[in-house]
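Both ligands and their constituent atoms are indexed starting at 1 by order of listing.
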Amino acid sequence: MSKAQRPKSPCEPREPTRTGMSKEALKQAYIDNLFFIQGRFREVATPHDLYMAAAFTARDRLLERWVRSAQLFKSSHARTVCYLSAEYLLGPHLAKTLINLGITQAAREAAEELELDFTAVLEEEEEPGLGNGGLGRLAACFMDSLATLRIPAIGYGIRYEFGIFDQRIEDGWQVEVSDNWLRNGNPWEIPRPKICFPVCYGGHTERYRDADDQWRTRWVPAMVIQGMAYDTPILGFGTDNVNLLRLWKSEAAESLDFQAFNIGDYYGAVHAKIEAETISKILYPNDEPEAGKELRLKQQYFFVSCSIQDMIRLHLNTVGPIERFDRKFVAQLNDTHPALAIAELMRLLLDEHGMDWEQAWGITHRTFCYTNHTLLPEALETWPVALLERLLPRHLEIIYEINQRFLDQVRIRFFADDARVARMSLIGEDGERQVRMAHLAVVGSHQVNGVAELHSELVRTTILRDFHDLWPERFTNVTNGVSPRRFIMVSNPRLGRLISEVCGNTSWARDLEQLRRLEEHADDPAFQARWREIKSAAKRDLADWMAARTGVDLDPVQLFDVQAKRIHEYKRQHLNVLHIIRTYQRIKQDPNHDLVPRAFIFGGKAAPGYFAAKLLIKLINAVAEVINHDPEVNGTIRVAFMPDFNVKNGQRLYPAADLSEQISLAGKEASGTGNMKFSMNGALTIGTLDGANIEIRRAVGEENFFLFGMDAETVAHRQAEGYRPWDHYHGDPELRADIDLINSGLFSHGDTSLFRPLTDQLVNHDPFMVLADYRAYLEAQEHVSSAYRDPARWTRMSILNVARMGHFSSDRAIREYAERIWAVEPLPVESGQETEH
Ligand code: T68
């Protein structure tokens with residue numbers, strides 16, 4: 001008789017409460033955690049207590065797998081990916097952890113028997129907003145996929161005390177509220193007081209002779225602080241592999257504190273503590289000039305220094321010797337924010353480990369890879385040489401030396417081409433001298449990638465063209481992807497269940513090409529009806545939420561037309577607004593005009609110092625106010641702004657959208673990932689040939705995508721010949737009427753100047769060519785409306801969109817990085833228990 005068949009004897013050990021996966025074990029664990037960790041019994045527990053007990057119940061199960069993973073990774077000396085990112089936009093942990101553990105159903109049943117509202121418990125979680133948008137969210141999806149693909153990895157970053165601000169809308173304006181996410185404790189992290197490293201700033205360098213009579217450099221800093229590790233386990237889906245997200249918190253270096261205290265400088269010691277703690281205090285918003293942000297540079301160096309020191313420690317503790325560092329680790333730079341890691345590894349190898357330059361450079365160069373996320377010139381990072389000299393004098397010396405050796409290579413290769421040497425230098429000489437971080441990142445890495453095909457092409461042919469001439473083999477593309485666990489299973493459980501039914505089980509969630517199996521049902525009326533019901537249910541959920549939060553009533557029969565992303569001129573939310581105003585004017589001119597009812601829904605934050613973006617939010621809300629209260633409109637169209645767009649609120653939007661607005665000016669959006677999230681949830685896209693839109697359109701089929709606007713080549717051409725938005729304003733009476741309506745004061749209680757900065761910019765400069773694409777956009781919107789009138793056609797398109805989105809899983813992206821860039825292999829952790837997978 002096999003073990004499974006044997007009847008359970010009363011003497012057989014019970015499933016352990018702390019790690020068991022059955023409903024009974026979960027119930028017992030929950031009650032224990034509520035009592036022993038929260039110190040509560042049911043009758044007096046707050047909603048937050050109930051959430052914490054659930055979180056700890058899930059966490060114990062994570063930790064058990066984590067310890068097994070760590071043991072395996074240590075004993076097997078596995079090659080490990082280190083993802084260096086200043087941002088991680090993780091989203092709520094609990095729902096995802098239950099799904100990845102495969103115990104959602106068991107937990108739901110346990111909650112029912114404990115008379116807990118399962119959804120309310122999940123809703124109670126405050127998400128860690130340790131990122132601005134796409135870049136930070138990509139890092140989170142990549143961590144999820146690394147674990148799911150069983151690739152040993154460590155994510156390194158900053159444990160900001162205050163993440164991205166919370167957004168409120170008051171009188172139509174964005175108001176920023178600080179994000180005190182740690183206020184109630186964070187059950188998902190484990191502090192590691194013994195894992196801390198000193199981080200130095202300022203001072204000067206000295207030359208000296210070492211024991212072998214070699215000249216060496218020593219850095220004598222003016223200030224030392226320390227970074228302490230906080231670890232968050234990241235479990236994969238359908239595997240027991242758990243990776244580590246290690247975030248650093250800055251604090252005063254204890255030894256120095258006491259020194260000051262002992263000589264009686266109590267205030268000095270406290271001051272030093274505050275100064276040290278400030279470094280990891282707050283996440284900087286993007287879309288703001290870096291100039292003068294000394295603290296931001298301190299942050300970047302802080303996390304990079306801790307991370308590299310930690311990598312060296314781990315390496316010496318296991319495989320060693322230091323000369324083999326690059327075999328143990330490969331480090332991916334998520335944009336240039338961690339690019340100082342290149343200089344830091346060089347410094348440690350040269351000054352601390354006594355290596356010579358060639359050997360240190362070989363190791364450094366083989367360790368790093370760099371991902372570029374932007375072409376916008378204003379977003380390319382530079383730091384004033386003077387600031388670096390003051391803050392990191394040794395690093396500046398190293399950067400100079402890297403530059404000198406590099407430029408010698410350029411001179412040999414491109415003889416007497418001084419202009420090229422000046423263009424490629426790590427130091428920009430126009431105006432105040434600046435270190436160009438992208439140049440440092442390219443020179444110090446062995447692979448450089450963009451995040452969508454068009455973007456990688458533009459990286460090669462525009463901003464990094466000279467580097468591509470020199471090292472063509474170094475450049476590659478890895479198109480972004482998103483996690484189907486987060487953006488289908490967690491966000492849209494109804495759709496997830498239907499897909500599981502079609503595929504026979506949940507394995508599609510780690511093999512997203514299986515979505516293809518939906519194709520055969522695309523024309524089946526019964527299946528279509530179920531598809532539409534899933535979309536309607538999500539629309540009802542969103543409508544309820546929006547009504548409660550904003551007072552705007554949305555009707556699920558309307559076409560839900562959604563644009564949710566950071567507010568930025570290049571993303572062209574104003575183009576969307578012009579279409580809304582046009583639709584409004586048509587209704588006013590002919591109230592019997594046969595229109596497809598639409599809800600125009602926006603979401604997104606503006607950087608606090610980005611005036612134009614904040615004015616755009618005000619405009620959207622002002623237009624909403626007028627249209628939503630106009631009796632002639634009579635609810636045919638509605639405009640709503642979802643406050644505080646973050647991962648959690650995004651999860652409400654993606655399942656409910658019929659139409660996804662991806663309307664950036666071609667050549668400006670590196671990839672976009674919202675475009676993938678919407679399409680994976682059955683929204684159709686109206687979009688330009690920009691970023692990953694191009695690949696999405698190719699994948700889902702041209703006939704299932706609403707394309708409009710100029711391509712990147714035409715944009716470049718038109719800009720080169722001199723673009724005159726004024727001509728469009730004068731040449732198109734409808735466009736003029738729309739802009740004039742904004743200027744008329746209708747949306748601003750008669751104030752004709754409020755939106756002038758916005759309309760003047762459009763008519764006179766229009767750097768993102770809104771007016772040039774206006775007419776094409778309106779026409780594409782007409783195609784949208786006529787497709788929506790035919791439910792069978794629309795539903796077929798929607799099903800085909802989902803069916804063909806398999807390529808845009810972050811698992812595929814990580815597989816490409818692993819094979820083509822990192823040369824790492826999966827290392828499966830032995831499975832312990834049975835789960836739902
Ligand atoms: C985004 N970049 C790209 N940057 O805009 C988007 N920037 O096209 C792409 O899909 C995504 O990266 C992932 O590749 C950002 O999100 C930032 O958030 C940022 C943060 C700090 C400084 C500069």
Visitor: Does the structure place the NZ or CZ of Arg159 under 6.0 Å from the centre of the six-membered ring of Tyr230, at an angle of no more than 45° from the ring's axis?
Guide: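 Verdict for Tyr230: a cation-pi partner in Arg159.
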Visitor: Please identify which atoms of ligand 1 are closer than 4.0 Å to at least one heavy atom of Asn480.
Guide: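 Result: 10 (O), 13 (C), 14 (O).
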Visitor: Please test Trp822 against Gln332 for side chain to side chain donor-acceptor pair (under 3.5 Å), starting from the C-alpha separation and ending with a verdict.
Guide: CA-CA 9 Å; Trp822 298 332; Gln332 189 70 35; 2.7 Å; yes
Visitor: Tell me whether the centres of the aromatic rings in Phe303 and His337 are closer together than 6.0 Å.
Guide: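 No, they do not, as the ring centres are separated by 6.0 Å or more.
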Visitor: For Gln174, which of Lys605, Gln167, Lys614 qualifies under side-chain hydrogen bond (donor to acceptor under 3.5 Å, both in side chains)?
Guide: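 Answer after filtering Lys605, Gln167, Lys614: Gln167.
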Visitor: Select the closest option to atom 7 (N) of ligand 1 among Thr673, Leu376, Asn286, judged by heavy-atom distance.
Guide: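 Among Thr673, Leu376, Asn286, the closest heavy atom to atom 7 (N) of ligand 1 comes from Asn286.
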Visitor: Can you list every pair that meets salt bridge (charged side-chain N to carboxylate O under 4.0 Å, His left out) and has a residue in residues 667-683, with sequence neighbours left out?
Guide: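 Checked against salt bridge (charged side-chain N to carboxylate O under 4.0 Å, His left out) - neighbours excluded - the pairs reaching residues 667-683 are Lys571-Glu669.
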Visitor: Heavy-atom contacts under 4.0 Å between Glu87 and ligand 1: side chain, backbone, both, or neither?
Guide: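 It is the side chain that gets close, since no backbone atom is under 4.0 Å.
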Visitor: With backbone taken as N, CA, C and O and side chain as the heavy atoms from C-beta onward, which portion of Thr374 lies under 4.0 Å from ligand 1: side chain, backbone, both, or neither?
Guide: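 Looking at Thr374 and ligand 1, no heavy atom falls under 4.0 Å.
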Visitor: For ligand 1, which is the ligand I care about here, please tell me if Leu135 has any N or O atom under 3.5 Å from one of the ligand's N or O atoms.
Guide: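 So ligand 1 has an N or O lying under 3.5 Å from an N or O of Leu135.
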Visitor: Distance under 4.0 Å to a non-hydrogen atom of Tyr570: what atoms of ligand 1 satisfy this?
Guide: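 Going through ligand 1 atom by atom, the ones under 4.0 Å from Tyr570 are 5 (O).
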Visitor: Of all the atoms in ligand 1, which lie at a distance below 4.0 Å from a heavy atom belonging to Ala670?
Guide: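 What qualifies from ligand 1 is 8 (O).
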Visitor: Between Thr367 and Val330, is there a donor-acceptor pair closer than 3.5 Å when you use the side chain of the first and the backbone of the second?
Guide: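 Side chain of Thr367 to backbone of Val330: no pair is present.
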Visitor: Does any N or O atom in Asn132 lie less than 3.5 angstrom from one in ligand 1, N or O only?
Guide: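 No; the residue has no nitrogen or oxygen that sits under 3.5 Å from a nitrogen or oxygen of the ligand.
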Visitor: One residue to check: His337. Relative to ligand 1, which of side chain, backbone, both or neither has a non-hydrogen atom less than 4.0 Å away?
Guide: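 For His337, only side-chain atoms sit under 4.0 Å from ligand 1.
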Visitor: Would you check the N or O atoms of Lys571, main chain and side chain alike, for any that come under 3.5 Å of an N or O of ligand 1?
Guide: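 N/O-N/O distance under 3.5 Å: no.
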Visitor: Would Gly672 count as a polar contact of ligand 1, with the cut-off being nitrogen or oxygen pairs under 3.5 Å?
Guide: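 The answer is yes, given that Gly672 and ligand 1 share an N or O pair closer than 3.5 Å.
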Visitor: Using 0.5 Å steps for rounding, measure from the CZ atom of Arg718 to the CE atom of Met769.
Guide: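 Answer rounded to 0.5 Å: 5.0 Å.
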Visitor: Polar-atom distance check: His373 versus ligand 1, any N or O pair below 3.5 Å?
Guide: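 Yes, at least one N or O pair falls under 3.5 Å.
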Visitor: Using 0.5 Å steps for rounding, measure from the CG atom of Leu149 to the CZ atom of Arg815.
Guide: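 Going from CG on Leu149 over to CZ on Arg815, the span is 5.0 Å.
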